[in-house]
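Data first, discussion second: the structure below is written as structure tokens.
Numbering of residues begins at 1 and proceeds along the displayed sequence. Worth knowing before you read on, the calculation uses all heavy atoms, side chains too, and leaves out hydrogens, waters and symmetry mates.
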Amino acid sequence: QMQLVESGGGLVQTGGSLTLSCVASGRTFSTYTVAWFRQGPGTEYEFVAVTRPRTDNTNYRDSVKGRFTISRDNAKNTVYLQMNSLKPEDTAVYYCAASPPYYGGDYYTPIAYDSWGQGTQVTVSS
């Protein structure tokens with residue numbers, strides 16, 4: 001299990017940008033799949049974006065495509081979520097999560113992930 005710490009959340013107006021960071025422990029970080037999930041008030045955890053161990057292998061939920069970019073720096077054990085053109089619907093607590101390299105299932109569900117950060121609040125005002 002990885003130790004994950006998110007940062008970078010805050011309050012931004014509609015159309016603004018934020019970059020979230022997730023710093024992980026462990027020497028095997030580069031072999032892990034890392035994703036961002038979010039949870040709004042009274043909602044289930046919602047998949048946002050994922051990066052597979054190969055840096056350029058990424059995917060996103062439809063509602064953030066073209067606006068959010070997930071990236072990773074394995075040398076720094078860090079994953080980022082660059083969020084542009086933010087909307088009020090993006091308001092949520094954002095969590096990073098890591099899945100071990102031997103997992104063979106669906107990466108879009110929380111059950112794929114063994115390690116979770118504490119969350120960072122993103123609030124988008126109109």
Checklist entry - Are side-chain heavy atoms of T51 and N57 found at a separation under 4.5 Å? => result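 A side-chain contact under 4.5 Å is absent here.
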
Next on the checklist: Return the CD to OG1 distance between E44 and T109, rounded to the nearest 0.5 Å.
Outcome noted: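 It comes to 10.5 Å.
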
Checklist entry - Which distance, rounded to the nearest 0.5 Å, do you find between the CD1 of I70 and the CD of Q82? => result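 Nearest 0.5 Å value for the CD1-CD distance: 12.0 Å.
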
Next on the checklist: Parallel, tilted or perpendicular: which one describes the rings of F37 and Y113, with boundaries at 30° and 60°?
Outcome noted: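 The arrangement is perpendicular - the two ring planes meet at more than 60°.
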
Next on the checklist: Checking N59 now: which residues fulfil side-chain hydrogen bond (donor to acceptor under 3.5 Å, both in side chains) with it, not counting sequence neighbours?
Outcome noted: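 So N59 forms a side-chain hydrogen bond (donor to acceptor under 3.5 Å, both in side chains) with Y108.
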
Checklist entry - How would you list all residue pairs meeting side-chain hydrogen bond (donor to acceptor under 3.5 Å, both in side chains) that involve residues 22-33, not counting sequence neighbours? => result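 Sorted pair list: T33-R52.
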
If every non-hydrogen atom of [X] is compared with every non-hydrogen atom of [Y], which pair is closest and at what distance?
X   : Y   : answer
L86 : R67 : CA-NH1, 3.8 Å
Q39 : T43 : NE2-O, 3.0 Å
A92 : R38 : CB-CB, 3.7 Å
V79 : W36 : CG1-NE1, 3.6 Å

Checklist entry - When you check the side-chain N and O atoms of S17 and N84, is any donor under 3.5 Å from an acceptor? => result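 The criterion, which ignores hydrogens and geometry beyond distance, is satisfied for N84 and S17.
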
Please check this pair: side chain of [X] against backbone of [Y], looking for a donor-acceptor N/O pair closer than 3.5 Å.
X    : Y    : answer
S115 : Q1   : no
E6   : Q118 : yes
N77  : V23  : no

Is there a chain of hydrophobic side chains (I, L, V, M, F, W, Y, each step under 4.5 Å between heavy atoms) that links [X] to [Y]?
X    : Y   : value
V12  : V64 : yes
L4   : V50 : no
W116 : F47 : yes

Item to check | With E89 via salt bridge (charged side-chain N to carboxylate O under 4.0 Å, His left out) - residues at least two apart | outcome: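 Testing E89 for salt bridge (charged side-chain N to carboxylate O under 4.0 Å, His left out), a comparison that skips the adjacent residues, returns none.
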
Checklist entry - With sequence neighbours left out, what residues match D106 under salt bridge (charged side-chain N to carboxylate O under 4.0 Å, His left out)? => result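 Not a single residue meets the salt bridge (charged side-chain N to carboxylate O under 4.0 Å, His left out) criterion with D106.
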
Next on the checklist: For a side chain to side chain contact (heavy atoms under 4.5 Å, CB included) check, start with the C-alpha distance between M83 and L20, then their side-chain angles and the critical distance, and finish with the verdict.
Outcome noted: CA-CA 8 Å; M83 304 184 294; L20 307 183; 3.8 Å; yes

Name each donor-acceptor pair under 3.5 Å that joins a side chain in residues 119-126 to protein atoms two or more places apart or in another chain, with its distance.
{"unit_1": "T120", "atom_1": "OG1", "unit_2": "G9", "atom_2": "N", "d": "3.1"}
{"unit_1": "Q121", "atom_1": "OE1", "unit_2": "T123", "atom_2": "OG1", "d": "3.3"}

Checklist entry - Salt bridge or not for K87 and D90, using N-O below 4.0 Å? => result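 Here K87 does not pair with D90 in a salt bridge, since their nearest N and O are not under 4.0 Å apart.
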
Item to check | Sequence neighbours excluded, every pair satisfying ring-ring contact (aromatic ring centres under 6.0 Å, His included) that has a member inside residues 60-95 | outcome: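 ring-ring contact (aromatic ring centres under 6.0 Å, His included) check on residues 60-95 returns Y45-Y95.
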
